[in-house]
Amino acid sequence: MLNRILQPTENAIANFHGADRWIGSGRTLIALAQLSILCFTPTAYLFVPVSGEPQKPHCEGWKGLTAYCLGNDDFRPWVSILLIALLMVVASGFFPALTAVPHYWATVSISTGISLPDGGEAAAQVITLFLVFLLLGDRRKTHWHRASPSTRPRNVLLGLTWAAHWGLRLQMAWIYVNAAIPKLSVQEWKDGTAVYYITRGEFFGAPKHLQELIYWATSMPLVELLLTWGTIAAELTIAYFLIFGKKRTRLVSLALCLALHAGIIAVIGLWSFALVMIGGVAAAMAGIQLRQQVHAPDAPRSAPITATPADFTHVNTLGSSDKHSTSPLVKGK
């Protein structure tokens, strides 16, 4: 009975190739989002005093190991340069297994160090932690190389990367569920007017070059209602397909994520937040092949690996033998 319960999980692990180009695309987008913060914001502006809050960076306990706690205030611009160099290497894709932990360290340094994180930093901190476990056994030289049985992690690391992949999918789904459900208790989201007020907000509102068009569109009740309720529906649909999407149907989540965050960028900005969220959802697409492998007419086609209890008496890695082992969207006010 126990074997019958565990068999589908064993088969899924045996057929999982580990990190692939989807993971690489997600890492690059997240690194670019972080680079946009460090490259286009003067270092002094990252540490402005906030009323009622202790001066950042906070260096108590384990936070003392983060980048901006390594020196005094005069050293911070050099720390930013160090982080920029590191993030550029991450974005390039070289040696993903070696850069996964430094990327997480850089992400924690930014998230806990700057005074005014926009929500994307907190999401990036969780996403890059899952990526550490996804990339520990990655044997590719760059994250742009195609995943294959010859490059996937070995032994227990394969199961660990599969678990991290599912952890990332569940985490991204939770972020969108947690963004959608609280909106249902806010009057402006319930009556369909939230987008009208958001686009006219004092701090996050429509950009001047699109202001007239956006004001005109959101002044129409039907458009206003569709945009407001459509946002909630999109968030819940993204979460659903991240968890329950089978193979290519999971791409529905990515398509809706792109549309949702492109709209947020156009209406209220938040570029770095949008890139982090798109990067997280893109990384959660791991395992999806957009193109089927082309086989010669007479070439044998490989079937999915099915693990059985007998198989594991002669297996070093799942599916290979001893001899041939190989968190916020803007809410209504």
Side-chain angles (χ1 to χ4, degrees), residues 9-32 34 85-108 124 126-169 171-172 247 250 279-295 299-307 311-326:
T9 301
E10 293 175 351
N11 293 339
I13 295 173
N15 285 284
F16 187 63
H17 288 168
D20 55 14
R21 290 172 178 172
W22 288 112
I23 299 291
S25 300
R27 292 184 77 223
T28 293
L29 286 173
I30 293 170
L32 289 175
Q34 296 165 323
L86 173 59
L87 291 170
M88 289 178 68
V89 174
V90 172
S92 72
F94 286 103
F95 308 111
L98 296 178
T99 57
V101 172
H103 187 200
Y104 177 65
W105 173 74
T107 302
V108 173
V126 179
I127 295 167
T128 53
L129 178 60
F130 281 112
L131 292 180
V132 167
F133 295 101
L134 266 163
L135 294 165
L136 276 179
D138 191 1
R139 291 182 284 159
R140 299 173 301 162
K141 291 183 179 179
T142 81
H143 64 210
W144 302 114
H145 286 169
R146 184 186 299 275
S148 67
S150 63
T151 62
R152 71 180 182 174
R154 294 174 176 173
N155 300 321
V156 69
L157 287 180
L158 181 59
L160 182 63
T161 56
W162 179 84
H165 162 67
W166 265 102
L168 177 60
R169 287 172 64 174
Q171 176 62 58
M172 295 307 299
K247 296 296 182 181
R250 211 187 321 153
V281 173
M285 299 296 108
I288 298 176
Q289 293 185 359
L290 294 180
R291 293 187 302 174
Q292 296 293 336
Q293 290 184 335
V294 179
H295 297 267
R301 296 174 181 265
S302 58
I305 299 170
T306 302
D311 291 333
F312 292 101
T313 61
H314 302 290
V315 168
N316 282 336
T317 60
L318 294 176
S320 51
S321 67
D322 285 331
K323 190 178 292 186
H324 302 288
S325 61
T326 56

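No hydrogens, no waters, no symmetry mates; every other heavy atom, side chains included, goes into these values.
Taking every heavy atom of both residues into account, Val90 and Ala31 meet most closely at CG1-CB, 4.0 Å. Heavy atoms only, all atoms of each residue included: Phe16 and Leu158 are closest at O-CD1, 3.2 Å. Across all non-hydrogen atoms, the minimal contact from Lys141 to His145 is N-ND1, 4.0 Å. Ala91 approaches Leu32 most closely through the heavy-atom pair CB-CD2, 4.5 Å. Closest heavy-atom contact between Trp144 and Arg21: O-NE, 2.7 Å. Taking all atoms of both residues into account, the shortest heavy-atom contact from Ala164 to Phe133 is CB-CB, 3.7 Å.
His143 pairs with exactly one of Thr28, Asp138, Thr99 by the side chain to side chain donor-acceptor pair (under 3.5 Å) rule, that one being Thr28. Shown are Ile30, Val132, Leu86; of these, the side-chain contact (heavy atoms from CB on, under 4.5 Å) with His103 is made only by Ile30.
Among residues two or more places apart in sequence or in another chain, the side-chain contact (heavy atoms from CB on, under 4.5 Å) test is passed with Val108 by Trp62, Thr66, Tyr104, Thr112, Gln125. Take Asp20 and apply the salt bridge (charged side-chain N to carboxylate O under 4.0 Å, His left out) test, not counting sequence neighbours, and it matches no residue. In this structure Arg27 satisfies the salt bridge (charged side-chain N to carboxylate O under 4.0 Å, His left out) test with no other residue, sequence neighbours excluded.
The distance from the CZ atom of Arg146 to the CD atom of Gln289 is 7.0 Å, given to the nearest 0.5 Å. Taking CD1 of Ile23 as the start and CG of Leu134 as the end, the distance is 4.5 Å to the nearest 0.5 Å. Residue His165 holds its NE2 atom at 11.5 Å from CD1 of Ile13, rounded to the nearest 0.5 Å.
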- Task: Kindly indicate, with the supporting measurements, whether the criterion side chain to side chain contact (heavy atoms under 4.5 Å, CB included) is fulfilled by Val89 and Phe95.
- Result: CA-CA 9 Å; Val89 174; Phe95 308 111; over 6 Å; no
- Go through the steps for Thr161 and Leu136 under the test side chain to side chain contact (heavy atoms under 4.5 Å, CB included), then give the verdict. CA-CA 8 Å; Thr161 56; Leu136 276 179; 5.7 Å; no
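Between the Arg169 side chain and the Ala286 main chain, no donor and acceptor come within less than 3.5 Å of each other.
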